[in-house]
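Count residues from 1 along the sequence.
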Amino acid sequence: MSGLTVAALFVDRDSIYKSLPGVECYDIDRDARTFPGGMPVVAHPPCRLFCRLRAFSTAPAEEKLLAYWAVDQVRTWGGVLEHPARSTLWRERGLPMPGI
């Protein structure tokens with residue numbers, strides 16, 4: 001992994017991140033949970049169980065674990081977590097609220 005500067009976790013298959021130098025991408029085919037660590041992350045975990053319309057989501061409850069894992073990666077390796085401003089994840093995990 002020499003020369004890499006950041007890992008992008010939970011990106012789309014056709015993500016723009018894949019065209020950027022120094023970015024190690026983890027999409028659905030390359031499971032983000034296989035990320036070995038060692039570099040900062042830009043994490044985009046699924047948000048449908050945390051967003052304003054979560055009551056209508058049919059996602060399995062276990063999907064929340066992906067977001068919790070992503071928070072742990074940001075806390076361990078540094079980086080950013082990208083989630084909707086009104087996501088309940090911010091409070092659930094004691095994160096600074098967006099805009100603060």
Closest approach of [X] to [Y] (non-hydrogen atoms, all atoms of both residues):
X: A43; Y: A70; result: CB-CB, 3.9 Å
X: C25; Y: R30; result: O-NH1, 3.2 Å
X: V11; Y: H44; result: CG1-CD2, 4.2 Å
X: A7; Y: F35; result: CB-CE1, 3.4 Å

When the side chains of residues 88-96 are checked against the rest of the protein, which donor-acceptor pairs come out under 3.5 Å, sequence neighbours left out?
{"residue": "T88", "atom": "OG1", "partner": "E92", "partner atom": "OE2", "Å": "3.3"}
{"residue": "W90", "atom": "NE1", "partner": "P84", "partner atom": "O", "Å": "2.8"}
{"residue": "E92", "atom": "OE1", "partner": "Y68", "partner atom": "OH", "Å": "2.6"}
{"residue": "E92", "atom": "OE2", "partner": "K64", "partner atom": "NZ", "Å": "3.4"}

What side-chain donor-acceptor pairs closer than 3.5 Å can you find for residues 50-57, not counting sequence neighbours?
{"residue": "R54", "atom": "NH1", "partner": "C51", "partner atom": "O", "Å": "2.8"}
{"residue": "S57", "atom": "OG", "partner": "A59", "partner atom": "N", "Å": "3.1"}

**OP:** Please round to the nearest 0.5 Å and tell me the distance separating atom CD of E24 and atom CE of M39.
**Re:**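 Here the rounded value is 6.0 Å.
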Subject >> CG-SG distance between L81 and C47, expressed to the nearest 0.5 angstrom >> reply: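 Rounded to the nearest 0.5 Å, the CG-SG separation comes to 10.5 Å.
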**OP:** Examine distances only and state if a side-chain atom of S19 and a backbone atom of I16 form a donor-acceptor pair shorter than 3.5 Å.
**Re:**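 Yes: the side chain of S19 pairs with the backbone of I16.
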**OP:** Go through the steps to decide whether W69 and L9 satisfy the test side chain to side chain contact (heavy atoms under 4.5 Å, CB included), and finish with yes or no.
**Re:** CA-CA 11 Å; W69 179 86; L9 308 176; 3.9 Å; yes
Original post:
For the side-chain contact (heavy atoms from CB on, under 4.5 Å) test, which of L66, D27, V42 pairs with F10?
Top reply: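 Single pass found, and it is L66.
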Original post:
Tell me, which pairs form a salt bridge (Lys or Arg N to Asp or Glu O under 4.0 Å) where one or both residues lie in residues 71-82, sequence neighbours left out?
Top reply: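 Listed by first then second residue: nothing to list.
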